[in-house]
Amino acid sequence: MKVSYSWIKEYTNIDADIKSFCDEMTMSGSKVEEWKVLGEGITGVVAGKILSIEKHPDADKLVVCKVDVGSGEIQIVTGATNVNAGDLVPVALHGASLPGGIKIKKGKLRGAVSDGMLCSLSELNLTLNDYPNAIVDGIFILDRDIKPGTDMIHELGLDEEIIEFEITSNRPDCFSVIGLAREAAATFKKEFSVKEPKPLEKGTGNAADMISIEVYDKNLCPRYTGRVITDVIIEPSPEWLRKKLRDAGIRPINNIVDITNYVLLEYGQPMHAFDLDNIRGGKIIVRSAGEGEEIETLDDQPRKLDPSMLVIADSERPVAVAGVMGGADSEVTGNTKTILFESANFNMTSIRLTAQKLAMRTESSGRFEKGLDMNSTLPAVNRACELVEELGAGKVVPGVIDVCANIPEKKKIPLRPEKINAFLGTDIPREEMINIFKPLEIEINGDYAIAPSFRPDLLSEADLAEEVARFHGYNNIKATMLAGEGTTQGKRSYKQNLRNIVENVCLSAGLYEIYTYSFTSPAVFDRLRLPAESILRKTVIIRRPLGEDYSVMRTTTLPEMMKVISHNSNRSVAKGGFYEMSFTYHPVDKEELPEQRTVLTMGLYGGGDFYDMKGIIMNIADTLGIAETEYIPVIDNPVFHPGRCAAVTVDGKSIGTIGQVHPEIADNFEIPGDTVLCEMDIDAIYGLANLNRKYSELPRYPSVSRDIAVVVDDEVSAGNIIKLIKATAGSNLEDVEFFDVYKGEQIGAGKKSLAFSMTYRSAERTLTEDEVGTSFDKVVKALADKTGAMLR
Amino acid sequence: MGWRFFVAKNPINNIPIERGIRMEQRLKEILEIAESELGGITDMKALEEMRVRFTGKKGMLTEVLRGMGQLSPEERPAMGKLVNEVRSEIEGLMTSVREKLEKEALSARLVKEKLDVTIPGKRPALGRKHPLTQAIEEMEEIFIGLGYDIAEGPEIETVYNNFDALNTEENHPSRDEQDTFYITDNTLLRTQTSPVQIRVMKSSEPPIKIICPGRVYRADTVDATHSPVFHQIEGLVIDKGVTMGDLIGTLKLFAKNLFGEETDIRLRPHHFPFTEPSAEVDVSCWVCGGKGCRVCGGEGWIEILGAGMVHPNVMKACGIDPEIYSGFAFGMGVERAAMGRHNISDLRLLFENDLRFLRQF
Ligand SMILES: [Zn+2]
């Protein structure tokens with residue numbers, strides 16, 4: 001809400017300077033977004049009277065004017081053609097500044113001295129809307145009787161201080177100058193008064209004889225107040241009215257429309273003026289729109305209506321979309337002779353939905369959707385009539401047509417000062433609270449506070465507490481520390497700790513954490529080469545997304561990881577490693593909310609390989625105390641290289657996938673071919689981890705090591721060999737570690753050599769060479785029997 | 001040294017003079033030669049050669065001992081003793097030369113092993129947490145220290161938990177489809193972490209002290225200061241006798257912990273559906289300390305938080321009696337905090353994950 005400080009001051013005797021006014025208002029709850037002087041940066045402009053005009057001796061298109069600027073006579077050279085001797089014009093004197101940082105200086109134009117500049121509208125940041133009688137590209141000829149030398153900045157209202165308030169949705173009353181003035185008066189503890197509007201009603205007849213008003217659904221339109229004006233003369237509004245609208249950012253149109261906008265600003269009550277001669281059947285009907293009904297609104301747009309929308313209609317057709325915008329063919333024009341002022345109250349939800357559906361939020365709908373006071377329709381329409389009389393714009397016909405449902409009773413709220421003090425942590429006496437309430441028009445009746453009808457936000461004791469706190473000053477409440485008897489633990493949960501541990505392993509492996517968006521494009525599944533029936537294509541769909549790329553919730557985190565890798569490798573970051581602890585989202589049949597799974601995603605490119613990634617996973621498993629992880633080859637995951645992909649399993653259950661990307665995936669996502677990715681199901685890990693470590697005694701006897709190198713067929717996996725070694729070596733085998741794989745001519749095609757180091761140890765005694773030898777032989781035999789392994 | 005001792009206590013006064021004196025002289029000679037040669041020894045190899053020549057199996061002293069056969073059995077013990085004394089005298093001298101040589105050799109090696117300590121170290125790989133995580137964790141730590149638990153909830157929520165239970169008016173603009181991502185009429189991407197508070201209030205008894213960090217969504221197009229995905233951290237306290245003064249005290253303590261001991265806070269009345277009274281909270285500018293600068297737009301204050309006393313309707317919706325209990329809640333945007341503190345001017349950087357950016361924190 002934008003308004004000039006001077007308008008607010010018309011209702012209250014505040015004299016604070018603009019800066020402290022804005023500060024104090026912000027601190028009492030009417031937040032000032034910003035304030036500025038309307039003609040900021042404009043100085044040194046006075047009224048000047050053109051005394052004479054002569055041709056420039058050396059330039060055909062210039063003239064030389066003698067101008068009386070009050071302090072004396074100066075000479076100004078101008079190219080303007082619309083000035084005549086005797087005209088009064090704004091003159092920028094030597095040293096003046098104009099918008100855009102322009103400085104006016106004495107000088108010579110084609111040899112003739114020029115002491116200043118005659119100004120046009122735009123050179124003063126004004127438009128034709130502000131001064132309809134001026135012309136666009138000529139000098140602004142003043143149509144008033146002022147002395148040469150008069151300060152034009154003040155005269156044109158360019159010194160107005162304009163304040164922009166941010167009004168919260170719970171305070172519809174503050175979307176008006178009167179509402180803001182009331183808050184201001186309460187803030188500064190000053191007088192506040194609004195004169196009750198009383199039109200003189202010099203028209204003839206009675207409004208009720210000229211138009212009838214019928215409301216079909218009083219829930220949708222609780223009140224409709226109308227008054228009729230005859231003998232209307234449409235003309236531009238006087239300057240004072242145009243200035244007020246201009247200061248509030250509203251374009252002046254003509255006297256009648258300007259009056260409705262003025263009342264909208266002053267009372268916060270939207271109004272509309274119909275050309276009564278264009279209302280057919282002498283009837284206004286407030287009803288729901290018919291299916292397929294249409295209207296052309298004031299902005300000359302055809303609008304399709306539906307039965308969820310409320311319209312103002314005459315006996316034949318809609319003439320306005322209720323509370324949103326009037327219709328074009330009943331609008332006030334230069335020929336209008338009779339008007340009907342509408343001042344109504346509409347259901348907030350209905351207006352909000354209609355404005356939304358038609359995508360037309362107006363000054364009017366914006367106010368209605370916050371919930372307006374039913375009591376304001378009458379003073380508003382009377383104020384409009386009063387202004388009509390003041391402007392001589394027509395004759396107010398006696399009689400008010402007022403179709404009104406029951407006005408709800410004012411809200412009675414129990415007032416318990418001790419409770420409010422206990423809630424705020426203050427010690428404010430009852431009397432002081434009542435003094436705070438008085439200027440806000442909250443009445444006291446015994447132990448109750450009665451909220452005024454324009455304050456729909458005052459419903460409970462907590463709301464009263466806020467009023468007390470606001471005007472006592474939030475920052476005058478003493479800061480205390482919680483005293484509560486109950487204690488809480490103050491710690492991270494098991495799951496939070498576990499995730500932290502996992503992340504720390506990632507960090508120690510050199511991975512950087514990333515944050516990516518949780519939604520993605522459905523097209524990504526094709527790029528992932530997922531088959532049509534893939535479960536990952538079953539997504540949670542955002543009803544109205546920002547765009548295709550953000551339209552479904554992700555079911556896999558790999559695409560975003562690849563995007564990050566692509567971003568970096570495309571910017572010549574030679575190598576990198578990343579991890580993300582995030583979620584995937586999966587619809588669940590017959591459940592309202594989808595399943596949200598916690599996923600750890602890791603990615604390496606530019607130098608890391610499958611085994612680097614696998615090492616990180618092994619470290620995670622180790623740190624979490626997950627003893628037996630197995631890596632099962634996966635040949636049909638469309639994202640990964642069929643020979644370089646594995647499922648990470650524990651007890652036969654998969655907890656993740658690791659692999660080098662398929663070359664086609666690398667192309668699809670523009671990432672290096674050596675990219676290795678891993679997706680881990682953290683939810684599955686919660687139940688597998690064992691952070692409860694028990695000490696086992698350190699070995700007392702020495703260990704014996706034996707290396708074993710075998711040649712096997714290519715298909716035989718190292719994991720299988722390790723399993724066999726463990727199964728056959730006996731209880732003295734402490735550990736077996738893989739240390740080498742070799743392929744080459746010496747071994748033969750289709751074969752490979754695998755080397756392992758076995759460590760034997762007994763907890764009871766030093767092992768003998770014989771014991772170790774026997775076990776070793778058993779291992780060799782078992783490997784030969786089961787895998788055809790040959791000792792190398 | 002030893003030689004004087006040898007003269008003073010001549011043990012061979014009863015040996016037939018001639019042979020005895022010759023051997024004795026020979027020993028004296030050997031000792032003198034050894035002493036003079038040792039003066040010229042500069043390396044271990046020469047020293048070892050010398051040891052072989054003097055005290056080795058075929059060395060000079062062994063030779064003298066062999067000559068003992070010519071002595072009478074009576075003479076032998078005394079002469080034997082004398083030989084041993086000379087031997088240990090020579091060995092002693094050689095040991096001290098050896099020690100001196102070893103010391104020199106060690107010093108020489110150390111000089112040779114000198115490193116250029118200005119050559120950069122070899123760094124083991126080490127990743128970093130994202131600046132948003134760092135900010136969240138720092139805030140979490142402050143509140144964990146004050147006895148708060150960390151609570152979490154789903155990002156796809158019911159409209160009920162996200163709006164209705166939080167006392168959001170039917171017409172509140174935040175419910176608009178232009179601002180909120182709906183999945184169905186009843187479900188949406190949560191627009192705030194507050195539904196977590198609803199879940200906790202419904203499932204547990206006061207006293208409640210929680211912090212809820214998490215990801216939230218609003219239909220804002222991406223630009224330097226907006227993102228449809230962002231993060232919040234919210235706090236909630238419900239107990240008997242909790243006051244607005246407690247809220248102010250808690251936020252003061254939080255601000256001092258996060259921005260430094262001199263930090264002050266300021267509350268401005270505001271409107272949130274789920275709190276009453278509600279406030280926007282400013283902290284004194286961490287750059288200029290309140291005098292006004294570019295970072296705070298000349299105000300001296302920077303808005304970082306929304307806060308208020310939990311609305312009685314919210315408590316009622318969760319089965320908590322507002323006549324018995326009261327509470328406060330507060331919330332802040334993590335992006336804004338992280339950007340402010342690291343001087344990051346464009347929010348998009350936080351979701352772009354450029355390694356050259358991530359390495360800076
Ligand atoms: Zn500052």
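Below, read A as the first sequence line, B as the second, and so on, with proteins coming before strands; counting in each chain starts at 1.
- Note: B:Ile265 CD1 to A:Asn475 CG = 7.5 Å, rounded to the nearest 0.5 Å.
- Each of A:Met348, A:Arg171, A:Gln496 has some count of heavy-atom pairs under 4.5 Å with chain B, and the biggest count is that of A:Gln496.
- For the pair B:Asp246 and A:Lys478, the salt-bridge criterion is not met [side-chain N within less than 4.0 Å of a carboxylate O].
- Contact of A:Tyr515 with chain B is made through backbone and side chain together, with heavy-atom distances under 4.5 Å.
- Residues B:Pro228 and A:Tyr517 are in side-chain contact: their nearest non-hydrogen atoms beyond the backbone lie under 4.5 Å apart.
- With ring centers used as reference points, A:Phe519 lies under 6.0 Å from B:Tyr217.
- Side-chain contact between B:His130 and A:Tyr512 is absent, with no heavy atoms from C-beta onward closer than 4.5 Å.
- Heavy atoms closer than 4.5 Å to chain B are found in both the backbone and the side chain of A:Glu592.
- Only the side chain of A:Asn504 comes within less than 4.5 Å of a heavy atom of chain B; its backbone N, CA, C and O stay farther away.
- Atoms CZ and CZ, on B:Arg268 and A:Arg470 in that order, are 14.0 Å from each other to the nearest 0.5 Å.
- Between B:Glu352 and A:Arg571 there is no salt bridge, since none of the side-chain N atoms of the basic residue sits less than 4.0 Å from a carboxylate O of the acidic one.
- Salt bridge status for B:Glu303 with A:Lys31: present, with a side-chain N to carboxylate O gap under 4.0 Å.
- Atom CG of A:Leu482 sits about 4.5 Å away from atom CZ of B:Phe328, to the nearest 0.5 Å.
- The minimum heavy-atom distance linking A:Leu593 with B:Thr158 is given by the pair CD2-N, 3.9 Å.
- Residues B:Phe361 and A:Glu513 form no side-chain contact, since every pair of their non-hydrogen atoms from C-beta on lies 4.5 Å or further apart.
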Would B:Asp176 and A:Arg361 count as a salt bridge (charged side-chain N to carboxylate O under 4.0 Å, His left out) if you check the C-alpha gap in whole Å, the side-chain angles of each, and the deciding distance to 0.1 Å? CA-CA 13 Å; B:Asp176 280 2; A:Arg361 200 168 243 155; 3.3 Å; yes

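- At least one donor-acceptor pair under 3.5 Å links the side chain of A:Arg352 to the backbone N or O of B:Glu170.
- Of the possible polar contacts, none joining the B:Asn353 side chain to the A:Val564 backbone as a donor-acceptor pair under 3.5 Å is found.
- Between A:Phe583 and B:Glu155, the closest side-chain pair of non-hydrogen atoms falls below 4.5 Å.
- Between A:Arg543 and B:Glu177, at least one side-chain N (NZ, or NE/NH1/NH2) sits under 4.0 Å from a carboxylate O, which counts as a salt bridge.
- Salt bridge annotation for A:Lys491-B:Glu141: absent, with no cationic side-chain nitrogen under 4.0 angstrom from a carboxylate oxygen.
- Side chains of A:His567 and B:Asp354: a donor on one and an acceptor on the other come within 3.5 Å.
- With a 4.5 Å cut-off on side-chain heavy atoms, B:Pro173 and A:Ser169 count as touching.
- At distances below 3.5 Å, at least one donor-acceptor pair connects side-chain atoms of A:Glu466 with backbone N or O atoms of B:Ser278.
- Using a 4.5 Å heavy-atom threshold, the side chains of B:Thr243 and A:Leu424 count as separate.
- Summarising the geometry of A:Gly576 relative to B:Leu355, their closest heavy-atom pair is CA-CD2, 3.8 Å, with the distance given to 0.1 Å.
- With values rounded to the nearest 0.5 angstrom, A:Thr168 atom OG1 is found 10.0 Å from B:Phe272 atom CZ.
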Test B:Glu323 against A:Lys419 for salt bridge (charged side-chain N to carboxylate O under 4.0 Å, His left out), laying out the working first. CA-CA 9 Å; B:Glu323 280 294 314; A:Lys419 190 86 184 160; 3.6 Å; yes

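- Counting heavy atoms from C-beta on, the side chains of B:Met244 and A:Phe423 never come closer than 4.5 Å.
- One finds the CZ atom of B:Arg128 at 13.5 Å from the CG atom of A:Leu511 (value rounded to the nearest 0.5 Å).
- A salt bridge does not link A:Arg492 with B:Asp149: none of the charged nitrogens is closer than 4.0 Å to a carboxylate oxygen.
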